[in-house]
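Sequence lines set the chain letters: A, B, ... in the order given, protein chains first and strands last, and positions in each chain run from 1. Please read all numbers here as calculations on a predicted model, not as lab measurements.
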Amino acid sequence: MEAPRKSLLKLKKKQIAIKVKGYRPTKDSEPYFQEYKIPLKPDMVVLDALNYIKDNIDGSLTYRWSCRMGVCGSCGSNVNGKPKLTCETFIDDVGDNLTVEPMARFPIIKDLVVDIDSFMTKLKDVKPWIINETEKPIEKGENLQTPEQVDLYKQQSMCINCMLCYSACPVVGTEDDFIGPAALALSYRYNMDSRDQGEKERLKITSSEEGVYGCSWIGECTSVCPKNVDPAIAIQKLKLTGSLQTIKELLLPKFVK
Amino acid sequence: MNKKIHALLWGAFSTGGFVAAFLLPSFIILNSILFHPSGIISSDPISYENAIIRFNNPLFKMYLIVLFSTTLIHGLYRFKAFLFEVGFLPYKKPITGLVYLIISIGTASTLFFVLSSLF
Amino acid sequence: MSKEFKPYVEKNNNFWWLTNRRYFTYAMREISGLVMSLYVLISIYEISQLTSGSSSFIDFRLLAASPLMFMFSVIALAFTLLHTITWFELTGKIQKDQVPKISGKSPPIFALVIVNMLILFAASYLIYFLFW
Amino acid sequence: MDYSDIQTIEHDVLVVGAGGAGIRAAIECADKGLSTGIISKSLLGKAHTVMAEGGIAASLGNVDPRDNWKIHFRDTMRGGKFLNQWRMAELHARHAPDRVRELEEWGAVFDRTDKGLISQRNFGGHRFPRLAHVGDRTGLEIIRTLQDFCVHQGISTHMECTGLDLVLDKDKVSGLVGYWRETGRFVLFKTKAIILATGGGGKAWKVTSNSWEYTGDGLGMAYRAGAELIDMEFTQFHPTGMVWPPSVKGILVTEGVRGDGGILLNSEGERFMFNYIPEKFASETADTEEEASRWLEGDKEARRPPELLTRDVVARAIKKEVEAGRGSPNGGVFLDIASRRPAEFIKKKLPSMYHQFKELAEIDITEEPMEVGPTLHYFMGGIRVNSDSQQTNVPGLFACGECAGGMHGANRLGSNSLTECLVFGAYTGRSAAEHATNSKNKSKEIDVNSLLLSEEKRIFSNLLGKEKNTEKVSVIRDEMQLNMDNLVGVFRNEEDCLKACKVISKLKSRFKKVGVSDKERPFNTELVSVLELDFMLDVAEAIAHSALNRKESRGSHYRNDYVKRDDLNFLKHSLAYKTNDGLKLKYIPVTITKWKPQERVY
């Protein structure tokens, strides 16, 4: 049998120059590009290149990574200007010039490592847990949920918190308080869950200018998502629900609510 | 209340999006491209007389009010958001003020002109 | 945890909308809002002239016939059509989940865009039939 | 250096590690009203639990009502070749259903049956369909649910903080020295109880399905503090890990591929598994391709295809083919499902696998065969704990999850590890909370300055100060990994294990000369990798020595020179512990209960 590798053959170059944006908090006032030349191996991903540099050329290169298989969401970076998981991005596919930058629209701590504190806060702000008035004891068995009910939110529950959508979102860049794609999609995911009754509570948070109404549906969040979550749609649906809810509240007399 | 405003504004914006998408193309074509002094049918059936007859149709009055007001809300709401995204966020207050001023004036004057002939 | 070293905050590039095609399409879509609004403002002026009598209306029509103004009308139409198409595309993504499912499946977005387009044509013809 | 800004954080209970077990334990402590903190080496929600695919085993009986916890218990004991701590296995099986229902109550997504119950699937070694799952990303869903719930409970999570050293007050735990990655400063956690939930140390091998965090920090810390490491020689190798491209070497290819009809081929195109059917399995394994196909079609008369033999058998067969020169170009064998099943079937049944190969290897598994080889997957061994309290022999020190040993015995059944996280997470949380509540409030005041000064000297002055003649951390790490891959792999023997022990002790002395090129304090990941290597060397040493001294083959531990199971001499646990002269080993007997050990009959 033959090796199933096609790309072994298409490898033309033996070496590649890779530009990595560096920033050293103790001595630099602003980031700069540093170029490394590394031997190119077949089917190398960008993360391999970074690991090669760290092990063999410059031990001080700093970046986050973990699982290597695109489920942990640690290794997001801007590769040639596009937000990507470096463990899933083949060097062959990105062309001749390879630049790796930290994710855009986040403060840079060091080299490719960014400060994600604000993201973690926003995530918790949307109350991503089941809200119920009464707690059901587990002895009573699980909640029933049909496959159709699961399908309503399953797609939106795939988020791996890689923050690529924040890196891609121009609103995140200008409006610091904007809750942002992943967190809003998460709130939508819980709203759609048949076990949850917290929609009103969450809408109070998300139906605001920092919430869904700050979004202008650029749609880049959805297109960069490595897990096919669709924050853009989730946000628009939240806008619609929030808006209809408000109109209903204003039109209906108080006691109906 | 402040929170509700955003939800309501978005509702208006969204309505405007539909109105503009369904009605504005034909309005521009009819009013400015087809029946126009330099348009495709240059005989100009929009003579003053025709225009007034049409204008006095109450249905047409309604049509104009809806089309103009919601399109204005939609268009300027959108453009405002874009301005903030390309660096005008520091001027958020004056821009927002100006946008809603234009929308108000536009809607008010539409109402005024459309309804004035009734009195 | 106190931060001894301040993280570097990169200045936002205000021309991000030129950096990729999707961003650019989006920018054009948003600018269509401005163009449509301008057209509406001009039209409001038009009805104001109409209400003030025959001569001022004809003056306006002559002004509107100038190549520059005609050009603007064409541009406005182009942007409006861009708005219409993108709007149908976007709303189709929402409508997809709101219309009843056909044998367990949501209709494809392009089908909804086509339906919306048909409504557009019908509405346009109705307007023409009723008023012009 | 000025120590006035040294941070001290006080918690009743501190959990080290934010994977499934750690977060579950913290939730339990917080529920008891204690101030609870979690320190996590990476970001919250990135822990290794996210990589689990198949599902979580619990005898809910939703799909097959015949299932109950006793059968789950029995399956676990049989899988572990009776080396399990029976009490742990019992607790595990007994509480699994409740823990899964609880997780569901907290919002986890599960695939459902038509009636709306949690759906369950089959898996190797489990008699009935028992795996609650969501697609093939169950681990992600578990960690996400726990993470959100934990944030909801108001538990403080200290991210990117590495635990360095346990602080003892006499022999009792009183705190932990941590290292903030972001600032490069130390922090002292004062606490009454510490729960270690740091996972295994798979990164001591080159080819592993584990992520970079798996460096045995908790094992190392506990070992240095005087805790015993139990049954360290039992390391599970999963037969099918990706072998190409290099970046993903070791990443798991789920057993489901074989379960759904995938076959293993060598470079000559031969379906070699037919040559490796052990005698005791012969009666229930198909001996012709035709019969194997019939089994897949659902023919109850036919016997199982040989690809579905136990993990250790398949792993050894693959290894033998490669050693005989019949391997694939990249050192594995071929796993072919493309020629067996239509593309639509593959995409529907194995969506994640399809995606994984498409994204990570640019291979379309509906058209081409995959290349696979054995990969280090799990540590059955770990810190020895009391089966009921989960406390180690160091008072106040608890352990749960993969870093605690004993529950799985000599081999782990697929998916029992996720259940273990939840069941023992909750258990450990409860008993640690109890310990913290009962322990007297006043522990001796810790001399923070001198403590941290010595850490500072050990780490920063020694490492950052070095300029010349230093060893590189990546070099030592690579050599250790290669050593473990080659000498303490799927097949082991006296000579190799001896050699491995020697190599490790040499590496340990070379490690003393290690230096780092990054001289900055903030976010010095190179420094972190030095600290991790330190722990990993200890863990590797314990494994190599334990493997050398278990002169039998049992479960995942296979000795070429002692191919039989030897219940007479080795039905006992090995314990590795630290003395002033270095590592020592001792043995303790296994508690035999209801089921007597016997040759495994299927």
State the [atom1]-[atom2] distance between [X] and [Y], to the nearest 0.5 angstrom.
| X | Y | atom1 | atom2 | value |
| --- | --- | --- | --- | --- |
| D/Phe523 | A/Leu112 | CZ | CG | 10.5 Å |
| A/Asp58 | D/Asp518 | CG | CG | 8.0 Å |
| A/Asn228 | D/His355 | CG | NE2 | 6.5 Å |
| D/Glu141 | A/Lys154 | CD | NZ | 9.5 Å |
| A/Ser60 | D/Glu520 | OG | CD | 8.0 Å |

In the structure I gave you, are the side-chain heavy atoms of [X] and [Y] within less than 4.5 Å of one another anywhere?
| X | Y | answer |
| --- | --- | --- |
| D/Lys519 | A/Thr26 | no |
| A/Lys124 | D/Gln147 | no |
| D/Asp111 | A/Pro147 | no |
| A/Met120 | D/Met159 | yes |
| D/Met51 | A/Cys72 | no |

Ion pair check, [X] and [Y], cut-off under 4.0 Å:
| X | Y | value |
| --- | --- | --- |
| D/Asp148 | A/Lys127 | no |
| D/Glu182 | A/Lys110 | no |
| A/Asp55 | D/Lys472 | no |

ask   = Can you name the side chain to side chain contact (heavy atoms under 4.5 Å, CB included) partners of A/Pro31, sequence neighbours left out?
value =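 Result, side chain to side chain contact (heavy atoms under 4.5 Å, CB included) vs A/Pro31: A/Lys21, A/Tyr23, A/Ile108, C/Tyr8.
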ask   = For D/Asp31, which residues count as a side chain to side chain contact (heavy atoms under 4.5 Å, CB included) partner, sequence neighbours excluded?
value = none
query = Yes or no on salt bridge (charged side-chain N to carboxylate O under 4.0 Å, His left out) for D/Glu104 and A/Arg195, after CA distance, side-chain angles and deciding distance?
reply = CA-CA 10 Å; D/Glu104 193 272 346; A/Arg195 294 167 292 181; 3.2 Å; yes
Proximity breakdown for [X] and chain A, heavy-atom pairs closer than 4.5 Å:
| X | value |
| --- | --- |
| D/Glu526 | both |
| D/His48 | neither |
| D/Ala108 | backbone |
| D/Leu43 | side chain |
| D/Glu53 | side chain |
| D/Ser209 | backbone |
| D/Arg99 | side chain |
| D/Lys203 | side chain |

ask   = Does the pair A/Ser157 and D/Arg137 meet the rule for a side-chain hydrogen bond (donor to acceptor under 3.5 Å, both in side chains), with working shown?
value = CA-CA 11 Å; A/Ser157 74; D/Arg137 58 166 182 103; 3.1 Å; yes
For each of [options], tally heavy-atom pairs with chain A at distances under 4.5 Å, and name the one with the top tally.
| options | answer |
| --- | --- |
| D/Thr157, D/Ile251, D/Val473, D/Asn524 | D/Ile251 |
| D/Thr145, D/Ile143, D/Leu140, D/Val134 | D/Leu140 |
| D/Val151, D/Asp114, D/Val109 | D/Val109 |
| D/Val100, D/Asn62, D/Asp478, D/Leu252 | D/Asn62 |
| D/Thr113, D/Leu44, D/Ile118, D/Asp98 | D/Ile118 |

Select one option (side chain, backbone, both, neither) describing which atoms of [X] are under 4.5 Å from chain D's heavy atoms.
| X | answer |
| --- | --- |
| A/Cys75 | neither |
| A/Asp193 | side chain |
| A/Arg24 | both |
| A/Asp111 | neither |

If I compare all heavy atoms of [X] with all of [Y], which pair ends up nearest, and what's the gap?
| X | Y | value |
| --- | --- | --- |
| D/Ser211 | A/Cys67 | CB-CA, 3.8 Å |
| D/Thr525 | A/Tyr63 | CG2-O, 4.4 Å |
| A/Phe90 | D/Leu360 | CZ-O, 2.8 Å |
| A/Ile130 | D/Gly107 | CG1-CA, 3.4 Å |
| A/Val150 | D/Phe110 | CG2-O, 3.8 Å |

inquiry  = Let's go through D/Glu160 and A/Arg64 carefully: what are the C-alpha distance in whole Å and the side-chain angles of both, what is the deciding distance for side chain to side chain contact (heavy atoms under 4.5 Å, CB included) to 0.1 Å, and is it a yes or a no?
reply    = CA-CA 11 Å; D/Glu160 296 191 322; A/Arg64 285 192 181 111; 2.5 Å; yes
Top of [options] for chain D proximity - count of heavy-atom pairs under 4.5 angstrom:
| options | value |
| --- | --- |
| A/Val45, A/Leu123, A/Leu85, A/Val113 | A/Val113 |
| A/Cys87, A/Ser74, A/Pro226 | A/Ser74 |
| A/Glu88, A/Arg189, A/Met69 | A/Met69 |

inquiry  = I'd like to know whether NZ of A/Lys227 has more than 12 heavy-atom contacts from other residues, nucleotides or ligands below 6.0 angstrom.
reply    = yes
ask   = Crowded around A/Lys84 NZ? As in, over 12 foreign heavy atoms under 6.0 Å?
value =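 No, not enclosed.
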task = Evaluate the side chain to side chain contact (heavy atoms under 4.5 Å, CB included) criterion for residues D/Ser474 and A/Lys54: first the C-alpha distance (whole Å), next the side-chain angles of each, then the deciding distance (0.1 Å), finally the verdict.
result = CA-CA 9 Å; D/Ser474 58; A/Lys54 183 149 187 95; over 6 Å; no
ask   = Looking only at atom types and distance, does a side-chain atom of D/Lys46 sit under 3.5 Å from a main-chain N or O of A/Ile160, one as donor and one as acceptor?
value =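 Looks like yes, one N/O pair under 3.5 Å.
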ask   = Heavy atoms under 4.5 Å from chain D: which residues of residues 136-146 of chain A carry them?
value = A/Lys136, A/Ile138, A/Gly141, A/Glu142, A/Asn143, A/Leu144, A/Gln145, A/Thr146
inquiry  = Show me the pairs that pass ring pair (Phe, Tyr, Trp, His ring centres under 6.0 Å) and involve residues 107-142 of chain A, at least two apart or across chains.
reply    =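 For residues 107-142 of chain A: A/Phe119-A/Tyr166, A/Trp129-D/His152.
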